[in-house]
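As structure tokens, the structure follows; a few thoughts come after it.
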Protein chains: 2
Amino acid sequence: MKFSASKENHLKAIFHLQHEQGIVTTNALAAALQTRPASVTDMLKKLKEQKLLIYQRYKGFRLNNEGKKAAIQVIRKHRLWEFFLVKKLQFGWDEVHEIAEELEHISSKKLVDRLDAFLGFPDTDPHGDPIPDSQGRFLQRRQISLSELPLNKVVQVSAIASQTTEMLELLQHKNIRLGTRLEVRKKFPFDNSLEVKIRNRPPVMLSAQVAKNVLVKDDE
Amino acid sequence: MKFSASKENHLKAIFHLQHEQGIVTTNALAAALQTRPASVTDMLKKLKEQKLLIYQRYKGFRLNNEGKKAAIQVIRKHRLWEFFLVKKLQFGWDEVHEIAEELEHISSKKLVDRLDAFLGFPDTDPHGDPIPDSQGRFLQRRQISLSELPLNKVVQVSAIASQTTEMLELLQHKNIRLGTRLEVRKKFPFDNSLEVKIRNRPPVMLSAQVAKNVLVKDDE
DNA sequence: TTTTAATTTTAGATTTGTCTAAATTTTATT
DNA sequence: AATAAAATTTAGACAAATCTAAAATTAAAA
Ligand SMILES: [Mn+2]
Ligand SMILES: [Mn+2]
Ligand SMILES: [Mn+2]
Ligand SMILES: [Mn+2]
């Protein structure tokens, strides 16, 4: 019921990867965790031993129910701490990830639930990602990438898919944040870049890479 | 400049012990950390290697300036988190120690300073212990043990020396907390127990062991 | 001042998590 | 189908932190 920081990091990363891909591979996990494939294999054996995932060597792996439950608790902690850092301690949304990466391993369940209450049971973190509740229930969102959005439809930024410091810094600079209302005015097939319009502001250009990682939902 | 959780625990424990005893012994530290003397010796070598303490084998040890500075930062983190837990998350003062024991190892200096500001730069933790400021400066308090207090002098509880769960639970039960105003009405030389009077309440008895660990300062 | 007891350190293991280099298995390409 | 390439696992090593049992040192008692 209680796992090391490293195990929690693995569980969380597997959870995210299998959400996108169903089955997870050793190399993908190693890349996500900035570690070596051999180290991943070592850890997989331990997690399998503890019955947290389904795994046959050379065949890929995925979390079972126990593993998912554990991963969701880590995600809950991570996102609540991020919310705390931004809303209570005035951190920028691009500064909180590293710190939350440490705070998420504090083990007290009571602490997390009290923190949740103190924050007013928020349902999304500063990057627009949903915060699981105490029982691990998720609000799953329907949102699309800005690059798939039809022209001239006003939407609201709801999440950022790639949360690297570089990406967040770029959006910060262009003054795009969660909740920003915008529409796509023009698409340039040459490089798939977009011209985006925000009310009361001059149009801004976004590259294809950036647009792909900006998730939006219907306005209101 | 950044230390493992275990090193931080050692530094902090040495700091506390040398405050009382000047020089610290292997056995004393092992007892304080609930570990084995051999493990302490192992760690001492590493801390000496990193020039955090003065140590010659068989002769005892004490922190040098670097070591003290490091220890004080850990103490600062510990006490700020305890304050946060009690004042913002409604924990009881007897429930926060274990959790703070984990939180104190989160490394971000910026986090600690922001937390400090968020809490309004408190100068004592929930147990009455002073919180070092960002530069490591301490407010040192002049306070005495309840067992040394003359009769009929009204004082205020300012700190609890022994912070075991058992001790804190006992005080909780007798409704004695930080800031409680009281005076000693009678001392019983037979077992050194005391009768203590708190305004608007019937007198309560405190054993010698308890009285020794209740620290008080002049009222107002 | 011997002898005994207590304290402290060393020697050697163990656990957890990581790594590199080599071997194995799977997948893709001729 | 044979071969090459990529992915994955194993073998063996290492660092950090801990432990037990034995040896060394210091302190206390006879
Ligand atoms: Mn983490
Ligand atoms: Mn986030
Ligand atoms: Mn600690
Ligand atoms: Mn305290």
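Order of the sequence lines fixes the chain letters, A, B, ..., with proteins taken first and strands second; residue numbering starts at 1 for each chain.
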Problem - Nearest-angstrom distance from the residue atom CG of L29(B) to P of dT18(D) - result: 11 Å
Problem - Spacing between N9(B) atom CG and dT18(D) atom C1', to the nearest angstrom - result: 14 Å
Practice task
Using only side-chain N and O atoms of T35(B), determine if any of them is under 4.0 Å from OP1 or OP2 of dC19(D).
Solution key: yes
Practice task
Could you check how far OH of Y55(B) sits from P of dT25(D), rounded to whole Å?
Solution key: 13 Å
Practice task
Provide, to the nearest angstrom, the distance between the CG atom belonging to L33(B) and the C1' atom belonging to dT18(D).
Solution key: 13 Å
Exercise for the section: Determine, for K12(B) against E101(B), whether the closest basic-nitrogen to carboxylate-oxygen distance falls under 4.0 angstrom. Expected result: yes
Fill in the blank from the handout: Considering only heavy side-chain atoms of H10(A), the closest of dT8(C), dA7(D), dT18(C) is dT18(C)
Problem - Test: R177(A) and D94(A) ion pair at under 4.0 Å - result: no
Fill in the blank from the handout: What residues 36-48 of chain B contributes to the DNA chain C interface at heavy-atom separation below 4.0 Å is P37(B), A38(B), T41(B), K45(B)
Problem - Interatomic distance where CD belongs to E49(A) and P belongs to dT16(C) [whole Å] - result: 11 Å
Exercise for the section: Check for a donor-acceptor pair, side chain of H10(B) on one end and backbone N or O of M43(B) on the other, with a separation under 3.5 Å. Expected result: no
Practice task
Identify, with sequence neighbours excluded, every residue that meets side chain to side chain contact (heavy atoms under 4.5 Å, CB included) alongside V210(A).
Solution key: M167(A), L170(A), L171(A), L206(A), S207(A), V214(A)
Practice task
Take the protein atom NZ of K7(A) and the nucleotide atom C1' of dT16(C), then report the distance between them rounded to whole Å.
Solution key: 8 Å
Exercise for the section: Under 4.0 Å between any heavy atoms, over every strand shown, what does F61(A) touch: base, sugar-phosphate, or nothing? Just pick one. Expected result: nothing
Practice task
May I ask you to say whether E8(A) pairs ionically with K77(A), meaning some side-chain N is under 4.0 Å from a carboxylate O?
Solution key: yes
Fill in the blank from the handout: With the side chain defined as heavy atoms from C-beta on, T25(B) is closest, among dT8(D), dG17(C), dT8(C), to dT8(C)
Handout entry: Distance-only side-chain donor-acceptor flag, H173(A) / E169(A), under 3.5 Å
Key = no
Problem - Residues S193(A) and D191(A): side-chain donor-acceptor under 3.5 angstrom - result: yes
Problem - Spacing between Q34(B) atom CD and dA17(D) atom C1', to the nearest angstrom - result: 17 Å
Practice task
Would you please confirm or rule out a distance under 4.0 Å between OP1 or OP2 of dA6(C) and any side-chain N or O of N27(B)?
Solution key: no
Exercise for the section: Spell out yes or no: do the side chain of Y58(B) and the base of dT7(C) have one donor N/O and one acceptor N/O closer than 3.5 Å? Expected result: no
Problem - Distance below 4.0 Å between S6(A) side-chain N/O and dT16(C) OP1 or OP2 - result: no
